[in-house]
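Numbering of ligands and ligand atoms starts at 1, following listing order.
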Amino acid sequence: MSLAAHLSAFLPASADSTCTVTDDEATLSRFARDWGGLVRLRPGAVVRPSSTADVAAVLSFASDTGTPVVPRGSGHSCFGQSLTEGGLVLDLTGMARVHPGVGAEVVADAGASWRRVTESALARGLTPKVLPDYLGLSVGGTLSVGGVGGASHRHGAQTDTVTELEVVTGSGEVVRCSPEREPELFDAVRAGSGWCGVITRATVALGGAAQRARRRKLYYRDLATFVADQRTVVAEERFDHVEGRALLDVAGEWLYRVDTTSYFLLPSEVDETTLLDGLSFDASLTETAEYSYGGFCDRMADGEVSLRDSGEWFRPHPWLTVFLPDDAVTDVVAHALAGLEPGASDTVLLYPLRADRIATPLLRLPRAEPTDTPVWLLGLLTVADPRDPIGLARELERNAALYERVVAAGGTVYPGSALPRGSVDRQCHFGDAWSALTAARRRYDPADVLAAAHSW
Ligand SMILES: Cc1cc2nc3c(=O)[nH]c(=O)nc-3n(C[C@H](O)[C@H](O)[C@H](O)COP(=O)(O)OP(=O)(O)OC[C@H]3O[C@@H](n4cnc5c(N)ncnc54)[C@H](O)[C@@H]3O)c2cc1C
C-alpha cells in the first residue's frame, strides 16, 4: 500500500475536515524543492491538514509507523529544511486563519503569512513588533528559526514576541505552551526547526502602529565607519528600524549603506538633525523616502513581482546568514566581501542585533559581553545560475569555508541557510542548550519522526 493510501485509511473521517493526502507526481515534484532550489528530496506523500486535529492524527500515524514528517510553511528554506526524502510533508498552508484578536495580541494559525497577520493587526491600529523583510513567510516558519529584522535591536526576535503557542508534539499530543505553562516545550519549539513539535497556532504580542515611516539611506565608503555608526544608532535606539548592507558601486568598489527608518503619527514630524547628529555618512549620497507604515512593512512586495516576472525568484539561492560577535565583525566581513563577486541581484546584509533583547534559548547567538554589546547579522543573499553547476558548487564551498571562519571567531549560523550537509556540528551549534534540546526531543518526539529528515 502506498504511504498516501496508508495514511488516508488511518485518518479519522470528519465532516469538518478538508484535510487532503496527495501523492500525484505533480504535487510530489512541487514539494521536492524549496525556495533555495539547491536540494531535491521527493516526499512519499503531501498532507494538507485543515485543523489541529488533522495534524495530531498525522503525527500519531507517523509516530506509530516511524514515518519521517517535515512541517512546511511557505517553503522558503534554502537547503532542504522543509523537504523530506520518502516521508510526509505536512503542508500547513491550509491552516492560515488569523483570528479576531483581543487587546494587544493576535492569534494566528501557523500557515498564515506575516502579511495577513500584519493586515489584521493594522486594522486595529496595532502591529507585530518585529517583522521579517518579506511578509510572504509563514508564522510557523519564522517562529521555527527565530525571525529577525530591522526592529530586532529593540524587540528581539519574533520568537521573543510570542506569548503562547499551540503545538502538536511528535507523538501527536496537542499542547498549549508558554513561559508559564510547559516552558520546556515552549523553549524547544521556538527556533527549534520543528524538531520537537509542529506549531499549529501562535499568540503574538503587538505594539501600537505608526501611520508613516521615513527611511534614510545613509552611505559610507569605509567598513569601519559604517559599523561604528550602526553601533551608535543601535545603542542609543535612535531609529525604529535599522538594516545595513554592502553593495558594489559603478566602479566595482564596496560601498556601505545603513537604512534608518523612523515611524511616526501625523501630524508630528521627525527631528532629522538630532537623529543624524554625529554620524559620519557621506551626506552627498543620502536618499530619503516616506511610506505609509503598512507600505514600509511590505516593501518587498513590488520586488517580488518583478523577480517572479524576470524568473529570478525561481533561480537557486545559496543564501548564508550568520551571526558574528562584535569584536570579529570587521575582520570576518572584510574577508567575506573579498571572496565575493556579487551579481546585480545579490544582496549583502550587515546589521546589529542586541543579544540582551533576545531570550530564545535555541536562537544561537555569539557571545556579547557586556550583554548590551551588539551581535551582527551577516547575510550573503546570492542568486546562482541554474545552468552552472560548477559555479553553484563553488558557492556552497565558499559558504562552508566562511562558516568555519565564523565559528572560529565565535559566530553562529541562522538555520535556514545553505550549507552542505554535515557542515554544522549540531552539538557545538546548540552549545549549552544542547542537553535541554535532546531531552525535549526524547520527551516530545520519542519515535524521532520530526528531526529525522533534517538536512543540517
Ligand atoms: C525572500 C526571503 C526573505 C527572508 N527574510 C527574512 C527576514 O527578514 N528575517 C528572518 O529572520 N528570516 C528571513 N528569511 C528566512 C526565513 O525566515 C526562513 O527561511 C523561514 O523558516 C521561512 O519560513 P517558511 O514559512 O517559508 O518556512 P519553511 O521553509 O516552510 O520551513 C522552514 C523550517 O521551519 C520548519 N517549520 C515550518 N513550519 C513549521 C511549523 N508550523 N512548526 C514547526 N516547524 C515548522 C520546517 O520544517 C523547516 O525546518 C527570509 C527568507 C526568504 C526566502
Side-chain angles (χ1 to χ4, degrees), residues 31 33-37 39 49 52 55 59 68-84 87-96 108-115 130-152 156-159 165-170 185 188-202 241 243 297 299-301 303-304 307-308 312-313 317-321 323 345 347 349 351 353 358 360 362-363 377 379 381 383 414-418 444-445 450-456:
F31 284 88
R33 61 162 286 164
D34 59 6
W35 192 77
V39 174
T52 300
V55 176
L59 282 160
V69 179
V70 74
R72 176 169 169 132
S74 69
H76 281 86
S77 56
C78 282
F79 209 69
Q81 290 89 342
S82 55
L83 310 180
T84 168
L88 282 170
V89 169
L90 193 61
D91 167 18
L92 290 156
T93 56
M95 293 175 60
D109 289 351
S113 68
W114 284 104
R115 181 170 295 119
V130 182
L131 284 167
D133 295 345
Y134 171 53
L135 298 190
L137 306 172
S138 80
V139 168
T142 68
L143 295 182
S144 297
V145 292
V148 291
S152 289
Q158 289 190 296
T159 41
L165 292 170
E166 180 188 80
V167 173
V168 179
T169 66
L185 183 61
V189 289
R190 288 182 306 141
S193 294
W195 289 357
C196 290
V198 176
I199 298 168
T200 46
R201 193 170 280 188
H241 195 276
E243 281 190 357
C297 294
R299 61 198 174 281
M300 263 193 71
E304 176 181 357
L307 290 172
R308 281 180 184 275
E312 276 192 44
W313 190 259
H317 293 90
W319 285 13
L320 175 66
T321 302
F323 298 115
S345 318
T347 301
L349 294 177
Y351 62 87
L353 314 172
I358 295 183
T360 301
L362 295 185
L363 179 53
L377 177 148
L381 313 184
V383 186
Y414 194 43
S417 295
Y444 297 110
D445 184 24
L450 285 168
H454 227 280
S455 60
W456 71 279

Hey, which atoms in ligand 1 end up nearer than 4.0 Å to a heavy atom of [X]?
{"X": "L92", "result": "40 (C), 41 (N)"}
{"X": "R72", "result": "30 (O)"}
{"X": "S193", "result": "49 (O)"}
{"X": "G194", "result": "43 (C), 44 (N)"}
{"X": "T142", "result": "17 (O), 23 (O)"}
{"X": "G147", "result": "11 (O)"}
{"X": "V70", "result": "47 (O)"}
{"X": "G197", "result": "43 (C)"}

Residue portion contacting ligand 1 (non-hydrogen atoms closer than 4.0 Å) for [X]:
{"X": "A110", "value": "side chain"}
{"X": "V145", "value": "side chain"}
{"X": "V139", "value": "neither"}

Rounded to the nearest 0.5 angstrom, the SG-NE2 distance for C297 and H241 is 7.5 Å

Any chance you could measure F323, atom CZ, to L353, atom CG, to the nearest 0.5 Å?
-> 6.0 Å

Looking at side-chain heavy atoms only, is the closest gap between [X] and [Y] below 4.5 Å?
{"X": "M95", "Y": "P49", "value": "yes"}
{"X": "T169", "Y": "L59", "value": "no"}
{"X": "V89", "Y": "T84", "value": "yes"}
{"X": "S113", "Y": "L135", "value": "no"}

So is there a nitrogen or oxygen of [X] less than 3.5 Å from a nitrogen or oxygen in ligand 1?
{"X": "Y414", "result": "yes"}
{"X": "I199", "result": "yes"}
{"X": "D133", "result": "yes"}
{"X": "P132", "result": "no"}
{"X": "Q81", "result": "yes"}
{"X": "V198", "result": "no"}

Which word best sums up how the rings of H76 and W35 line up, parallel for under 30°, tilted for 30 to 60°, or perpendicular for over 60°?
-> tilted

Identify which of S77, S74, G36, C196 has a heavy atom lying nearest to atom 24 (P) of ligand 1.
->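 Looking at heavy atoms only, S74 sits closest to atom 24 (P) of ligand 1.
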
The one among G80, S144, S82 that brings a heavy atom closest to atom 34 (O) of ligand 1 = S144

Walk me through it: do S417 and L320 pass the test side chain to side chain contact (heavy atoms under 4.5 Å, CB included)?
-> CA-CA 5 Å; S417 295; L320 175 66; 3.9 Å; yes

Hey, would you say the W313 and Y134 ring centroids sit under 6.0 Å apart?
->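 When the ring centroids of W313 and Y134 are compared, they turn out to be within the sub-6.0 Å range.
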
Of all the heavy atoms in G75, does at least one lie under 4.0 Å from an atom in ligand 1?
->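 Within the 4.0 Å threshold, so yes.
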
Answer yes or no for L137: is there a heavy-atom contact with ligand 1 below 4.0 Å?
-> yes

Take L92 and V55, measure what side chain to side chain contact (heavy atoms under 4.5 Å, CB included) needs, and give me the verdict at the end.
-> CA-CA 9 Å; L92 290 156; V55 176; 4.3 Å; yes

Apply side chain to side chain contact (heavy atoms under 4.5 Å, CB included) to L450 and Y444, showing your working.
-> CA-CA 10 Å; L450 285 168; Y444 297 110; over 6 Å; no

Test L381 against H317 for side chain to side chain contact (heavy atoms under 4.5 Å, CB included), laying out the working first.
-> CA-CA 7 Å; L381 313 184; H317 293 90; over 6 Å; no

Taking all non-hydrogen atoms of both residues into account, name the closest pair between A157 and L363 and its distance.
->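 Looking at all heavy atoms of both residues, the closest pair is CB-CD2, 3.6 Å.
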
